[in-house]
Amino acid sequence: MVDRKGEVGKPDVVREEKVPSDGDHRPTQLGIEFIIRFYRLLKGSTIYDQKNFMIDRLAQDCLQIIGDILKSEKQLLLKIVRDNIFFNNIRIQMKADKYAILRAFLQEMRKRWIGELGFDEKVGGDELKDFVYLLTGLDENVESNYLYLKKQLETRGFKAINVGKLEFFKDEEIYVDSEDQKRYSKEVYFKSINLVKEVMEGVKSQKMLNVRKAKRLMQNAVNSIMQDESTLLGLANIKNYDDYTFNHSVNVAIYAIALGQRAGVPKKHLSHLGMAGLFHDIGKTRIPKEILNKTGKLTAEEWSVMRTHSLLGTEIVMGMKEWGELSTRMIDGAFEHHLKYDLTGYPRLTRKKKVSLFGKMITLADFYDALVRPRVYNRFPFLSEKILGFMLERSGKDFDPALVKIFVNMLGIFPLGTLVLLNTNEMGIVVQTSEDSELIDRPRVCLVHYSDGEYRKGEIVDLREMDEGAKDFKWTIVKTLDPNEYNINVAEYLM
Ligand SMILES: [Fe+2]
Ligand SMILES: [Fe+2]
């Protein structure tokens, strides 16, 4: 329960959600519905001013669910403990379809150090609206925010709303502000590239590998993705031709971790997944340079050499004692990433086997990254919508259907870095995808202005924003464009 002094303990009884066979568990469904509506209101308060018609609408939606919950559950208490949200002391399962929005809510609360939110009795619309503006107005990363909020609620005589401090665990790493987080994510990304270089070169010269360093780095990547997915996914989406193999390896690790966390892979295994992703192409260190870097099309013979990299990779991993318990995972990544879901890929198998979960996830990550980025022999990459379409088409054949769904959902229909044309005839670049699965076609977009012979960064707009009178959206995406045709360097907009 929320303690007025602000000292919060663990939830009294931690109950695991049991999902009955006939469908979803009703109380946590209500909790999830509340979070979604509350989050929409929270986001709305950053777009509109408090008197806007839209805020009324969003607040009403939220009030309705609060009422429903208080009627059937007698209380409404959300508590954040580490990476989990508890609704009336039941842990909410972050299922893939609601993952992004639940996660975004968690982050919004965490970065303001608010760990508890409760409604004891029916709350009024004005009360709720005031509260939400107070909440979004808080500075990031201030430990005593909850005290300030409590005071504000008290002076306004708002008795129905309670807040509590975020519980801090010593082993938890980061409560930094968004800018620090971004910097940290970038550091992790570039360190990982260097690490892959180091390891790949080490493999060639048969040096001992620094596995501990690699593990630590992937643990950092996992933390980073859990706190701020968009920076790392953004970096992965930047198209860059230098050092293709190294960039590719890191990107595959990032996509795999992001996919894995949505698919419910436990946190402690996510870094192993990252490792397996990072070194899935380690076999390429044994492919002759002339073939690996060939600018023209590969001959049939060259292809057959290229295809040996999965087996070579498996051999390399098996020969390295340093990986210890990680070996099996690493082998899954190296051996299975071209096998395909229906085993029609390579290496050809003489006996049927099941592709492991890690193998399936790395397959998707590898496929997406390989096509979305330009390389020596493919100067113009496919647009991601084409790739996502292709993935859906090959779902059940090349890829695991359940994972395809999660992957496509994760990247959104307009992934980070997509150049779009808006109904206002403006162009823009997607800089943040929408967490709300009902508004998946409404990302945040950085407008692109043309002046003095070049394209320049304009303001960032939120495509969820409604026009005056809230009849229609202010901007809508009409179609996607190819940034290469316009000579736009997408990286500049994402960084
Ligand atoms: Fe490969
Ligand atoms: Fe690959």
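Throughout, residue positions are numbered sequentially from 1 according to the sequence presented. Start at 1 and go down the list; that is how both ligands and their atoms are numbered.
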Asker: Salt bridge between E302 and K294, side-chain N to carboxylate O under 4.0 Å?
Answerer: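 A salt bridge is present here (some side-chain N lies under 4.0 Å from a carboxylate O).
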Asker: Determine whether the side chains of D342 and T344 contain a donor N or O and an acceptor N or O closer than 3.5 Å.
Answerer: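 There is such a pair (donor and acceptor under 3.5 Å, judged by atom type) between the side chains of D342 and T344.
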Asker: Could you check H269, H337, M275, E336 and say which one makes a side chain to side chain contact (heavy atoms under 4.5 Å, CB included) with F358?
Answerer: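 Among H269, H337, M275, E336, the one that satisfies the side chain to side chain contact (heavy atoms under 4.5 Å, CB included) with F358 is H269.
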Asker: At distances under 2.8 Å, what protein N, O or S atoms surround the Fe ion (ligand 2)?
Answerer: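 Short answer, with waters excluded from the count: H248 NE2, H280 NE2, D281 OD2, D366 OD1.
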Asker: Could you measure the distance from the CE atom of M391 to the CG atom of L364? Nearest 0.5 Å is fine.
Answerer: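 Spacing of CE (M391) from CG (L364) equals 5.0 Å.
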Asker: Please name the atom of H309, limited to N, O or S, that comes nearest to the Fe ion (ligand 1).
Answerer: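 Answer by atom name: NE2.
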Asker: Do Q261 and Y99 have side-chain atoms, one donor and one acceptor, less than 3.5 Å apart?
Answerer: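 On atom types as modelled, these side chains qualify, holding a pair under 3.5 Å.
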Asker: Not counting sequence neighbours, which residues clear ring pair (Phe, Tyr, Trp, His ring centres under 6.0 Å) with F407? List them please.
Answerer: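 By the ring pair (Phe, Tyr, Trp, His ring centres under 6.0 Å) rule, F407 matches Y368.
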